[in-house]
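One structure is given below, represented as structure tokens, and several questions about it will come after.
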Amino acid sequence: MTTERYNPRTAEPKWQKAWAEAKLFETQTDAAGEKYYVLEMFPYPSGRIHMGHVRNYALGDVVARYKRAKGFNVLHPMGWDAFGMPAENAAMQNKVHPAKWTYENIDTMRKQLKSMGLSLDWSREFATCDVDYYHRQQMLFLDLLAKGLAYRKKSKVNWDPVDMTVLANEQVIDGKGWRSGAEVESRELTQWFFKITDFAEDLSTALDRLPEWPEKVRLMQKNWIGKSEGLMLRWALAKDTAPAGIDDVTVFTTRPDTLYGASFIAVAPDHPLAAKAAESNPALAAFIAETRKTGTTAAAIETAEKKGVATGIEAVHPLDESWRVPVYVANFVLMEYGTGAVFGCPAHDQRDLDFARKYGLPVRPVVLPPHEDPVAFSVADKAYVDDGVIYNSAFLDGKTPDEAFEAVAERLEATQLFGAPQASRKVNYRLRDWGISRQRYWGCPIPVLHCESCGVVPEKRENLPIVLPEDIDFDKPGNPLDRHPTWRKATCPQCGGDASRETDTMDTFVDSSWYFARFTAPRADEPTDPQAANAWLPVDQYIGGIEHAILHLLYSRFFVRAMRECGHLDLDEPFKGLFTQGMVVHETYRDRREWVPPVDVRFSETEGKRVATRISTNAPIEIGGIEKMSKSKKNVVDPDDIIASYGADTARWFVLSDSPPDRDVIWSEAGVEGAHRFVQRLWRLFVDAAPKLPAAGARATPGSDDLSLNIRKAVHRTVAGVSDDIERLAFNKAIARVHELVNQLSASFGRMEAGNGGATAAAREALSMLARIVAPMMPHLAEALWEVLGEPGLAASAPWPQIDRSLLVDDQVTLPIQINGKKRGDLTVPADAGKADIEQAVLALDFVREALAGQAPKRLVVVPGRIVNVVV
RNA sequence: GCGGGCGUGGCGGAAUGGUAGACGCAAGGGACUUAAAAUCCCUGGACUUUUGUCGUGCGGGUUCGAGUCCCGCCGCCCGUACCA
């Protein structure tokens with residue numbers, strides 16, 4: 001008998017329409033069922049969706065559909081992270097307005113996402129570039145400003161001196177501007193900041209209250225915030241060397257216990273003392289100018305060769321007046337961290353040691369490692385950073401580092417220097433305030449005005465929104481808002497005089513720091529409807545890329561805290577559960593000239609080796625490494641092509657199978673074909689079995705014969721396993737279980753005769769359950785299977801199958817028997833057998849007696865239900 | 001540089017400290033077919049003569065037992081505050 005193949009091209013649109021007409025996924029806040037908020041990180045509308053999106057949204061959709069089947073009231077919205085640089089780049093390159101480019105991309109991508117059959121509530125959709133959205137973001141900005149959580153300060157940017165514009169870090173390539181090629185310099189601008197450091201302590205400690213976050217993400221955030229307890233320690237400058245007007249320099253140190261090992265002080269190139277010293281020291285001034293070319297990124301600064309220049313200034317050791325150490329300006333000291341000045345203890349810090357060796361500074365060990373001889377111990381090229389006993393350190397000798405820390409702190413807190421304590425304890429954070437100013441057009445305008453008489457004045461709330469002007473040009477580099485003829489002109493809300501608008505727009509991370517709250521009441525006049533926000537939040541399951549582990553997630557956590565202070569919601573944390581998915585990667589291909597897309601490559605085998613040829617030109621192709629899909633390497637597979645030829649369910653099934661979702665998945669054509677074969681196999685299983693089954697409403701009772709019982713045990717076990725797997729987001733394992741079940745059902749159905757009422761009833765039960773457990777992953781096919789079974793209604797609204805727990809337990813278990821840790825046989829015992837029974841049975845086994853040769857075992861390890869190990 | 005992660009057959013991967021390789025892909029063999037596709041069945045870590053021995057990036061360690069835990073390396077990936 002031949003079965004007609006399942007045709008996703010006709011089936012998928014049909015079911016999508018059925019869901020839409022039933023408004024199945026439009027969520028009501030007050031609907032029945034416990035709330036469950038599933039959210040995937042919303043996409044940047046770059047043009048077309050890519051496989052990473054397919055994976056991200058397929059993962060979230062499984063959770064959403066599963067929870068819905070479990071009876072939850074599920075919120076599963078979608079929107080667009082729509083501001084950002086690519087729209088401006090497109091405007092410059094293709095003369096298309098950023099808004100037009102963005103909204104056209106959104107239209108394309110919405111259509112693509114809809115073809116995936118996602119259970120999204122599209123009625124809540126918005127884009128962050130909608131005036132409606134950024135209007136409310138401007139309100140939030142004013143609220144933060146009023147609470148003192150927004151302020152202005154000077155900070156450095158990458159300046160392209162040819163294009164006369166600020167560059168993003170990714171636009172700086174090897175220290176040069178990406179368009180102009182000019183050497184980039186760092187330049188100070190007054191910019192807007194959010195006071196995230198106000199919450200540093202809570203952002204760090206609250207991580208311990210997020211058990212449903214991956215440990216690695218919590219660790220990364222904790223290290224990023226970087227809490228450290230230390231001393232603010234003032235060093236007097238030796239009078240004969242100090243520049244006029246500066247008496248001392250304050251360092252932050254976490255190791256005051258190593259103070260007697262100090263051999264220099266290093267200050268940041270932009271430290272005031274450095275500037276002062278450079279006034280009379282051209283070599284130093286040149287060095288400081290040089291460091292401005294290193295770039296502003298931490299990676300650039302810290303991978304650069306560590307260099308310093310002596311200032312000629314000397315500082316007096318806080319514990320010994322007769323001891324002076326030189327003050328250097330060093331390129332690895334950051335003004336943003338601590339005080340911008342450190343003391344170097346080369347023996348116990350690797351970077352300080354490298355610096356000391358380079359400039360011939362003394363290396364004096366003061367922490368003696370355990371079991372080392374104080375006379376013989378010395379530090380050559382590896383600093384000793386672990387615990388030990390303090391020595392070479394006067395009154396600290398013999399103490400542990402912790403005790404020495406306390407002793408130094410106590411003494412110097414009590415010592416006066418220039419009328420103030422010489423030291424004070426200080427908790428320091430590596431976390432810096434969040435700079436949100438961008439000198440760009442395509443972002444949310446910062447709603448403040450600059451008035452000559454009143455200074456910086458917030459715009460009145462009722463004057464919002466400050467809308468981006470549409471008549472702009474991208475003919476010249478730089479910010480079009482700056483050179484707009486009229487947009488800047490405004491009236492000061494305080495004095496009524498002339499004022500000019502702020503032309504900085506907000507970092508796009510601001511947009512994505514509260515969108516999850518806006519989804520709970522997307523059309524509210526205020527930024528949130530606190531009732532809706534409090535009802536839905538926190539997001540129960542948030543899913544997105546690991547690349548957002550720190551910044552986006554930390555900013556969102558800050559925003560929730562700031563919004564709570566302003567009364568917009570009452571919430572500790574935005575995301576209760578977090579899952580970070582891996583990337584979709586693909587082989588790369590190139591011919592002599594360029595990267596070649598996978599669709600243009602044909603493979604063959606020559607002498608057992610995989611060989612590739614370019615289809616369009618017949619040129620030989622070199623098969624490159626497996627890399628993240630990217631436009632530049634052209635190793636992209638367009639989801640549209642896959643959906644058009646195999647259907648959305650195949651694409652979904654493929655990205656969910658094989659690779660665990662937190663790891664990278666390698667896209668391969670063969671894998672997709674395998675997934676599609678399984679779609680057809682399921683379809684065949686149902687269509688072929690359907691005529692033998694009792695009618696849908698017949699209430700036939702499954703039999704208790706071997707065949708019926710086997711079918712029932714298999715399916716109930718699978719449902720239990722798949723439920724667990726989905727709860728843990730282990731979709732690859734859920735899929736392996738479904739494969740196993742289908743393998744078994746195919747075999748069992750082959751032995752089933754139409755007249756066997758018990759078995760056919762078991763088969764109907766099995767198929768009805770199977771259709772429902774594949775539904776979250778392949779929702780369209782599940783509807784078709786549901787229809788084949790003649791079940792009423794839509795599979796998408798069918799409840800998750802109930803399992804009979806009595807079918808999950810076995811009365812016999814087979815234990816592997818090891819001798820000296822190596823498996824040598826099996827033993828089948830009753831499931832409830834005690835340790836003693838098992839021991840006895842094991843010792844009676846032939847191969848065990850042989851191994852023992854009459855001796856008693858040295859040891860007999862019995863782990864009931866698991867394993868037995870006989871040690872001889 | 002720093003912080004975090006990952007590393008298991010030809011490939012993707014499975015394995016509460018307890019039988020390493022479930023499940024899938026690819027491959028090989030067979031059945032069906034005039035033939036092919038599709039489908040179904042069987043075989044696949046390495047070495048070895050049955051018997052075994054060796055195998056989870058490399059080197060050590062803890063344990064009755066290590067892919068899993070600890071220490072030291074190597075390689076790759078993510079982040080590094082203006083890419084999103």
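Naming convention: chains lettered A, B, ... in sequence-line order (proteins, then strands); numbering from 1 in each chain.
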**Request:** Measure from CG on A/N223 to P on B/rA81 and round the result to the nearest Å.
**Result:** 16 Å

**Item:** Interatomic distance, A/R440 CZ vs B/rC82 P [rounded to whole Å]
**Value:** 10 Å

**Request:** Using only heavy-atom distances, decide whether a donor-acceptor pair under 3.5 angstrom links the side-chain of A/Q439 to the base of B/rC82.
**Result:** yes

**Prompt:** Contact class for A/A549 vs. all strands (heavy atom < 4.0 Å): base, sugar-phosphate, or nothing?
**Reply:** nothing

**Prompt:** So does A/D198 pair up with A/K195, basic N to acidic O under 4.0 Å?
**Reply:** yes

**Prompt:** Which of the following nucleotides, B/rG24, B/rG1, B/rG18, is nearest to the side chain of A/N743?
**Reply:** B/rG24

**Request:** Could you verify whether a donor N or O on one side chain and an acceptor N or O on the other, from A/T296 and A/N158, lie under 3.5 Å apart?
**Result:** yes

**Item:** Whole-Å C1' distance, B/rG21 and B/rG10
**Value:** 14 Å

**Asked** Heavy atoms under 4.0 Å, any strand shown: does A/P660 hit a base, just sugar-phosphate, or nothing?
**Response** sugar-phosphate

**Request:** Take atom P in B/rA14 and the same atom in B/rG9, then report the distance between them in whole Å.
**Result:** 13 Å

**Asked** Atom NZ of A/K154 and atom C1' of B/rC82: how far apart are they, to the nearest Å?
**Response** 19 Å

**Asked** Separation of A/Y515 atom OH from B/rA84 atom C1', in whole Å?
**Response** 12 Å

**Item:** Pairwise C1' distance, B/rG12 and B/rA22 [rounded to whole Å]
**Value:** 13 Å

**Item:** Check ion pair A/R218-A/E215 (N to O, under 4.0 angstrom)
**Value:** yes

**Prompt:** With a 4.0 Å cut-off on heavy atoms, is A/E673 in touch with a base, just the backbone sugar-phosphate, or nothing at all?
**Reply:** nothing

**Request:** Determine the contact category for A/V157: base if any of its heavy atoms lies under 4.0 Å from a base atom, sugar-phosphate if only primed atoms, P, OP1 or OP2 are that close, otherwise nothing.
**Result:** base

**Request:** Indicate, with a heavy-atom threshold strictly under 4.0 Å, whether A/H548 touches base, sugar-phosphate, or nothing.
**Result:** base

**Asked** Which part of the nucleic acid does A/L431 contact within heavy-atom distance under 4.0 Å: base, sugar-phosphate only, or nothing?
**Response** base

**Item:** Pairwise C1' distance, B/rG18 and B/rC11 [rounded to whole Å]
**Value:** 28 Å

**Item:** Per A/K822 side chain, nearest of listed nucleotides B/rC54, B/rA81, B/rG79
**Value:** B/rC54

**Request:** Mind checking A/G582 for me? I need base, sugar-phosphate or nothing, with any heavy atom below 4.0 Å counting as a touch.
**Result:** nothing

**Request:** Check whether any side-chain N or O of A/R438 sits under 4.0 Å from OP1 or OP2 of B/rC82, and answer yes or no.
**Result:** yes

**Item:** Anti/syn call for B/rG65, syn if |chi| within 90°
**Value:** anti

**Fill in**
Ranking A/D826 and A/T508 by the position along RNA chain B of their nearest nucleotide, the one closer to 5' is A/D826

**Request:** Could you check A/Q818 against A/R824 for side-chain contact (heavy atoms from CB on, under 4.5 Å), going step by step and ending with a plain yes or no?
**Result:** CA-CA 5 Å; A/Q818 296 181 329; A/R824 288 291 181 265; over 6 Å; no

**Asked** What does A/V870 touch in the nucleic acid at a heavy-atom separation under 4.0 angstrom: a base, only the sugar-phosphate, or nothing?
**Response** nothing

**Asked** Can you tell me if the side-chain N/O atoms of A/K733 get under 4.0 Å from OP1 or OP2 in B/rG24?
**Response** no

**Request:** Indicate whether OP1 or OP2 belonging to B/rC82 is found under 4.0 Å from a side-chain N or O atom of A/N158.
**Result:** no

**B/rU8 and B/rC23, which share atom name C1', separated by this distance in whole Å** = 15 Å

**Prompt:** Heavy atoms under 4.0 Å, any strand shown: does A/R430 hit a base, just sugar-phosphate, or nothing?
**Reply:** base

**Request:** Could you check how far CD1 of A/I735 sits from P of B/rA14, rounded to whole Å?
**Result:** 13 Å

**Request:** May I ask you to verify whether the side chain of A/N869 and the base of B/rC64 hold a donor-acceptor pair under 3.5 Å?
**Result:** yes

**Request:** Compare all side-chain heavy atoms of A/Y515 with those of A/L39 and state whether any distance is below 4.5 angstrom.
**Result:** yes

**Prompt:** How many Å lie between CZ on A/F332 and P on B/rU80, as a whole number?
**Reply:** 24 Å

**Request:** Give A/N732 one of three labels, base, sugar-phosphate or nothing, depending on what nucleic acid heavy atoms sit under 4.0 Å from its own.
**Result:** sugar-phosphate

**Distance below 4.0 Å between A/T297 side-chain N/O and B/rU80 OP1 or OP2** = no

**Item:** Interatomic distance at P, B/rG60 relative to B/rG67, whole Å
**Value:** 15 Å

**Asked** Are any of A/R866's side-chain N or O atoms less than 4.0 Å away from OP1 or OP2 of B/rG18?
**Response** no

**Prompt:** Side chains of A/D433 and A/T197: do they bring a donor and an acceptor to under 3.5 Å?
**Reply:** yes

**Asked** Does A/R737 make a side-chain donor-acceptor contact with the base of B/rC23, cut-off 3.5 Å?
**Response** no

**Prompt:** When you check the gap from the basic side-chain N to the acidic O, do A/D270 and A/K156 get nearer than 4.0 Å?
**Reply:** yes

**Item:** P atoms of B/rC25 and B/rA31, separation to the nearest Å
**Value:** 22 Å

**Prompt:** Do A/E673 and A/Y646 have side-chain heavy atoms sitting under 4.5 Å apart?
**Reply:** yes

**Prompt:** What is the nucleic acid contact for A/W434, judged by heavy atoms within less than 4.0 Å: base, sugar-phosphate only, or nothing?
**Reply:** nothing

**Asked** Is there a donor and acceptor pair closer than 3.5 Å between the side chain of A/Q350 and the base of B/rC2?
**Response** no

**Message:** Side chain of A/K823 only, heavy atoms from C-beta on: which candidate in B/rA81, B/rU19, B/rU53 is closest?
**Reply:** B/rU19

**Message:** Measuring only the P atom in each nucleotide, how far is B/rU43 from B/rU53? A whole number of Å is fine.
**Reply:** 25 Å

**Prompt:** In whole angstroms, how far is the C1' atom of B/rG52 from the CG atom of A/N820?
**Reply:** 16 Å

**Request:** Would you give the length of the straight line joining atom CD of A/E302 to atom CZ of A/F332, rounded to the nearest 0.5 angstrom?
**Result:** 10.0 Å

**Request:** Check whether any side-chain N or O of A/R663 sits under 4.0 Å from OP1 or OP2 of B/rG13, and answer yes or no.
**Result:** yes

**Message:** Does a side-chain N or O of A/R677 approach OP1 or OP2 of B/rC25 to a distance below 4.0 Å, or not?
**Reply:** yes

**Prompt:** Closer to the 5' end of RNA chain B via nearest nucleotide, is it A/I867 or A/I436?
**Reply:** A/I867

**Asked** For B/rG44, is chi within 90° of 0 (syn) or not (anti)?
**Response** syn

**Message:** Can you measure A/Y646 atom OH to B/rC25 atom C1' for me and round it to whole angstrom units?
**Reply:** 13 Å

**Request:** I would like to know whether A/L207 and A/R557 meet side-chain contact (heavy atoms from CB on, under 4.5 Å); could you show each step before the answer?
**Result:** CA-CA 10 Å; A/L207 289 167; A/R557 297 179 63 221; 3.2 Å; yes

**Prompt:** Does any non-hydrogen side-chain atom of A/I817 lie less than 4.5 Å from one of A/F847?
**Reply:** yes

**Prompt:** Using a cut-off of 4.0 Å on non-hydrogen atoms, how would the nucleic acid contact of A/V871 be classed: base, sugar-phosphate, or nothing?
**Reply:** sugar-phosphate

**Asked** Any side-chain heavy atom of A/N428 sitting closer than 4.5 Å to one from A/Y337?
**Response** yes

**Message:** Any base atoms under 4.0 Å from A/S437, or only sugar-phosphate, or nothing? Heavy atoms, all strands.
**Reply:** base

**Asked** With Watson-Crick and G-U wobble geometry limited to distances under 3.5 Å, how should the secondary structure of RNA chain B be encoded in dot-bracket form, using | for bases paired to another strand and [ ] for crossing pairs?
**Response** (((((((..(((.....[....))).(((((.......))))).(((....)))..(((((..]....))))))))))))....

**Prompt:** Just checking A/F509: base, sugar-phosphate only, or nothing, at a heavy-atom cut-off of under 4.0 Å?
**Reply:** base

